[in-house]
Amino acid sequence: MKYLYRLYQLLVVLPIALVLTILMVAAVVLGCMLGNGHYWGYAPGHWWSRAILKLFLIPVKVEGQAQLEKEQSYVFVANHQGAFDIFLIYGYLNRNFKWMMKYQLRNIPLVGYACEKSHQIFVDKRGPKKIKASYDAARNTLKDGISLTVFPEGARTFTGHMGIFRRGAFALADELQLPVVPLTINGSFNIMPRMRDWHFANWHPLTLTIHQPIYPVGRGDENVSASLHQAYDSVMSALVPEYQGYVENPDQ
């Protein structure tokens with residue numbers, strides 16, 4: 001069965017996914033050029049991700065969706081198990097959101113342009129003025145139900161276990177006084193861990209668990225630290241037993 005699934009990926013998934021990806025990128029770039037970057041920066045990626053997972057015949061289960069308020073902006077923080085995390089969140093979180101990304105990505109031809117026009121959040125830590133500018137840009141974007149999604153580990157796991165969470169997303173949530181929503185991803189590491197990038201995917205179900213929002217209590221380091229630790233514990237609590245417990249990630 002494994003080899004039949006690999007043959008299916010080679011003959012069916014690969015050519016269709018390539019065409020869908022080209023169409024998705026073109027839709028984002030052209031749509032953002034015409035205007036309404038909030039819509040075009042999300043909708044093509046949302047439907048592309050759902051199509052990719054359906055092509056791979058991956059079943060998806062989402063838990064906790066009802067806990068989110070329709071017009072509320074959130075900072076979503078998720079564990080980073082593998083390449084399929086992107087498809088799962090983009091396709092099945094069902095919230096218009098922006099990605100937090102390094103400012104250097106703005107310089108990548110075409111990709112940087114599309115990210116800027118679609119109002120993705122670039123983080124620039126080269127001094128207080130740059131940090132303030134990043135926060136101001138986020139403040140103007142993350143409102144009226146537009147949210148942010150971050151992988152606070154900063155890199156995909158090598159083991160399926162979680163590493164540490166960095167403070168950046170929680171500091172931004174504190175600055176903007178937005179609730180943090182932990183997300184637990186299960187299954188992505190089993191499908192394609194980072195050690196097998198560009199290899200055949202393994203068939204495995206995906207689960208996205210949406211935890212209860214963590215609303216800010218005060219402002220400053222104490223609130224940042226409290227929300228970080230509460231989010232970490234929430235994400236960890238829903239991991240399958242196989243990947244429970246902290247394991248150091250070498251490239252964090």
Side-chain angles (χ1 to χ4, degrees), residues 1-31 40-65 76 78-95 97 99 101 105 108-111 114-115 118 149 151 153-163 183-210 235 238-244 247 249-251:
M1 195 67 181
K2 178 177 74 173
Y3 294 105
L4 184 61
Y5 186 50
R6 289 183 174 182
L7 185 64
Y8 167 75
Q9 290 179 53
L10 188 63
L11 299 181
V12 178
V13 176
L14 183 61
I16 296 177
L18 181 60
V19 172
L20 289 176
T21 302
I22 293 171
L23 292 174
M24 185 272 294
V25 172
V28 171
V29 173
L30 293 175
W40 291 105
Y42 167 73
H46 169 71
W47 293 110
W48 168 75
S49 296
R50 291 179 74 97
I52 294 295
L53 288 178
K54 288 184 182 299
L55 270 175
F56 275 98
L57 309 177
I58 301 294
V60 174
K61 181 180 180 181
V62 180
E63 301 172 332
Q65 188 81 52
F76 294 102
N79 59 315
H80 206 358
Q81 280 205 337
F84 277 66
D85 297 346
I86 305 295
F87 303 131
L88 178 61
I89 292 176
Y90 236 152
Y92 289 90
L93 182 58
N94 291 332
R95 303 285 297 201
F97 67 86
W99 295 104
M101 54 186 63
L105 293 177
I108 299 177
L110 200 61
V111 173
C115 290
S118 59
T149 297
F151 295 113
E153 292 170 276
R156 287 173 291 163
T157 177
F158 280 101
T159 64
H161 296 261
M162 285 169 56
L183 305 174
T184 301
I185 293 170
N186 280 299
S188 181
F189 185 78
N190 302 82
I191 294 174
M192 186 178 288
R194 64 186 296 180
M195 305 82 73
R196 292 186 55 80
D197 281 346
W198 307 108
H199 286 69
F200 288 106
N202 300 311
W203 187 92
H204 196 281
L206 280 171
T207 301
L208 178 65
T209 303
I210 303 169
V235 176
L239 282 173
V240 297
E242 181 182 1
Y243 300 126
Q244 284 282 335
V247 173
N249 193 346
D251 63 354

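A quick note: this is a predicted structure, and the numbers were derived from the prediction, not measured. The first residue in the sequence is number 1, and the count goes up from there.
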Next on the checklist: Checking Phe189 now: which residues fulfil ring pair (Phe, Tyr, Trp, His ring centres under 6.0 Å) with it, not counting sequence neighbours?
Outcome noted: Tyr243

Item to check | side-chain contact (heavy atoms from CB on, under 4.5 Å) between Ile210 and Leu93, worked out | outcome: CA-CA 8 Å; Ile210 303 169; Leu93 182 58; 3.9 Å; yes

Item to check | Full working for side-chain contact (heavy atoms from CB on, under 4.5 Å) between Asn94 and His46 | outcome: CA-CA 8 Å; Asn94 291 332; His46 169 71; 3.2 Å; yes

Identify the heavy atoms of [X] and [Y] that sit nearest to each other, and give their distance.
X: Ser118; Y: Gly41; value: CB-CA, 3.4 Å
X: Leu239; Y: Met162; value: CD1-SD, 3.6 Å
X: Glu153; Y: His161; value: OE2-O, 4.2 Å
X: Arg156; Y: Arg194; value: O-NH1, 2.6 Å
X: Gly91; Y: Ser49; value: N-CB, 3.6 Å

Item to check | OG1 on Thr209 to CD on Glu63, rounded to 0.5 Å | outcome: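 Glu63 CD to Thr209 OG1: 4.0 Å, rounded to 0.5 Å.
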
Checklist entry - Roughly how far apart are Met192 CE and Trp198 CH2, rounded to 0.5 Å? => result 9.0 Å

Heavy atoms, side chains only, cut-off 4.5 Å: are [X] and [Y] in contact?
X: Phe56; Y: Phe84; value: yes
X: Gln81; Y: Leu206; value: no
X: Leu208; Y: Leu183; value: yes
X: Ile89; Y: Phe97; value: yes
X: Phe200; Y: Tyr3; value: no
X: Asn186; Y: Asn79; value: no
X: Gln9; Y: Leu55; value: no

Checklist entry - Who pairs with Arg50 by salt bridge (Lys or Arg N to Asp or Glu O under 4.0 Å), at least two apart in sequence or on another chain? => result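 Expected list: none.
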
For a quick test of your reading: what N or O donor-acceptor pairs under 3.5 Å do the side chains of residues 15-24 make, sequence neighbours left out?
residue	atom	partner	partner atom	Å
Thr21	OG1	Ala17	O	2.7
Thr21	OG1	Trp48	NE1	3.0

Next on the checklist: Using 30° and 60° as the class boundaries, would you call the ring planes of Tyr5 and Tyr8 parallel, tilted or perpendicular?
Outcome noted: parallel

Checklist entry - Tyr42 vs Tyr90 aromatic rings, parallel, tilted or perpendicular, using cut-offs 30° and 60°? => result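 Judged by the thresholds at 30° and 60°, the geometry between Tyr42 and Tyr90 is tilted.
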
Checklist entry - Are Leu53 and Tyr92 close enough, and set up right, to give a side-chain contact (heavy atoms from CB on, under 4.5 Å), and what steps lead you there? => result CA-CA 10 Å; Leu53 288 178; Tyr92 289 90; 3.6 Å; yes

